There are 2 protein chains.
Amino acid sequence: MSHVVYGCLMAVDRDHVLRSAAALLTRKSTATMDEVAKAAGISRATLHRHFAGRDALVRALEALGIAECEAALERARPDDGPASEAVRRLVREIEPAAALLAFLYTENQLFEGEEQNEGWARIDDRIAALFRRGQASGEFRIDLTPAWLTEALYGLLASGAWAITEGRVARKDFTHMIVELLLGGALRREEP
Amino acid sequence: MSHVVYGCLMAVDRDHVLRSAAALLTRKSTATMDEVAKAAGISRATLHRHFAGRDALVRALEALGIAECEAALERARPDDGPASEAVRRLVREIEPAAALLAFLYTENQLFEGEEQNEGWARIDDRIAALFRRGQASGEFRIDLTPAWLTEALYGLLASGAWAITEGRVARKDFTHMIVELLLGGALRREEP
DNA sequence: ACCACATGAGACATTGACGTCTCACAGTGG
DNA sequence: CCACTGTGAGACGTCAATGTCTCATGTGGT
């Protein structure tokens, strides 16, 4: 039985370590393994017992980010109702993971050559499909490609998360700012 | 006279080194000083004679980015005509520097604690003032703060530059994509 | 022809982070 | 009470990048 008990404790701790690592690396992307360990309240040795190395840690964070994205995508029901409302739900659901996303988004530029996790491709596809659905229904303009809208969504999520940590905008405005800019743009709409 | 000649050569070479360093670090932000030197066609020793160290190089790149931004801001005449046209001109003028901006934008997260170049504050102010002018004239909506619009512009520039290097969007669409999304948003406008 | 100076090549020490290892300690179950 | 296991602390060795140094070379100016 000890296997189960210890295994369970390991899992819990691993998740806790992952969360605090995400919280730290989000703020300081160059944090040392030492700092990551201290932030999690464990020793570097234990950290290495959970994650073979910094690379493995980042991969685990990537998996976490993908999982959170897919969970948010699930909750947002991107295929239900008007596409604009689906986008709004998606941004709202993905907000808690925005800082982690921002970290992974910049971190991906380092991998350049290497193959990137295929999980991102699936998420990209689902988000792009949402925009494509909005175009097909006539809600969204068609001169902005779904791929670009997806990319822009990532960029705005990252910018928003970073602007919040810098104190330049209020956290409570996160969803509104991103959704309104992404969908409505800066121009004042003429009242219909 | 030799001072002038050598000084001139130094300056020319320094600028050339700076440009190629920007081009390289834009693609691979973790490039070695060795790689930077090779990319510039000089030896590491000469690179160190131009820039005391990696830090100094990044600072110089930052200064270059600020200079290009201010030059673009100058050419865009942000105080002339409709604000939306000024934004369009600004994006068009700033496009060549977008990749460098993207590099510096992510690099700034590393400095976290340290003071950042006050040049960015000046540029931020001028761009925010442009958005504020658009709001005052009734062109832009007022529920998106100028600070957020400025931040979003940076984010979209970075996303656009990165999406282009990844081949996800065409370079010729850069200005259109960013301006149309930033100003008009993804929603289809009802014909006035 | 001579000299000054920038350059390239390479050796060298230093630094910081990483990964691995050992050992002592504490908590838990038998 | 004892065995087992996870943990913390720390001591290494490794490695890559950096910064500094010297020396030979070539080019341009006097």
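All values derive from a computational prediction rather than experimental measurement. Proteins get letters first, then strands, A, B, ... in listed order; numbering begins at 1 in each. The figures that follow rest on heavy atoms only: side chains count, while hydrogens, waters and symmetry mates do not.
Between A:Ala45 and A:Ala31, the residue whose closest nucleotide on DNA chain C is further toward the 5' end is A:Ala31.
At a cut-off of 3.5 Å, with distance as the only test, a side-chain donor of B:Ser84 or B:Glu139 sits close to an acceptor on the other residue. B:Trp120 and B:Glu62 form a side-chain donor-acceptor contact under 3.5 Å, judged by distance and modelled atom types alone.
A donor-acceptor pair under 3.5 Å is formed between the side chain of B:Arg133 and the backbone N or O of B:Pro78.
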Identify each atom pair where a protein N or O and an N or O of nucleotides 11-17 of chain C are less than 3.5 Å apart, giving names and distance.
none

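The CZ atom of B:Arg49 sits 11 Å away from the C1' atom of D:dC23 (whole-angstrom rounding). At whole-Å resolution of the value, NE2 in B:His48 and C1' in D:dT22 are 16 Å apart. A:Phe51 has its CZ atom 15 Å from the P atom of C:dC18, to the nearest Å. Residue B:Ile42 contributes atom CD1, which lies 10 Å from atom C1' of C:dG8 at whole-angstrom precision. Atom CG in A:Asp34 sits about 12 Å away from atom C1' in D:dG8, given to the nearest Å. Here C:dG19 presents its P atom at 10 Å from CG of A:Leu57, a figure rounded to the nearest Å. A straight line from NE2 of A:His50 to P of C:dG19 spans 16 Å, rounded to a whole angstrom. The NZ-C1' distance, from B:Lys38 to C:dA9, rounds to 10 Å in whole Å.
Separating the CG atom in A:Asp13 from the CG atom in A:Leu47 is a distance of 11.5 Å, to the nearest 0.5 Å.
A side-chain contact (heavy atoms from CB on, under 4.5 Å) with B:Thr46 holds for exactly one of B:Arg49, B:Arg44, B:His48; it is B:Arg49.
For B:Thr46 and C:dG8, the shortest distance from a side-chain N or O to OP1 or OP2 is below 4.0 Å.
A salt bridge between A:Glu70 and A:Arg122 is present, with a side-chain N of the basic residue lying under 4.0 Å from a carboxylate O of the acidic one.
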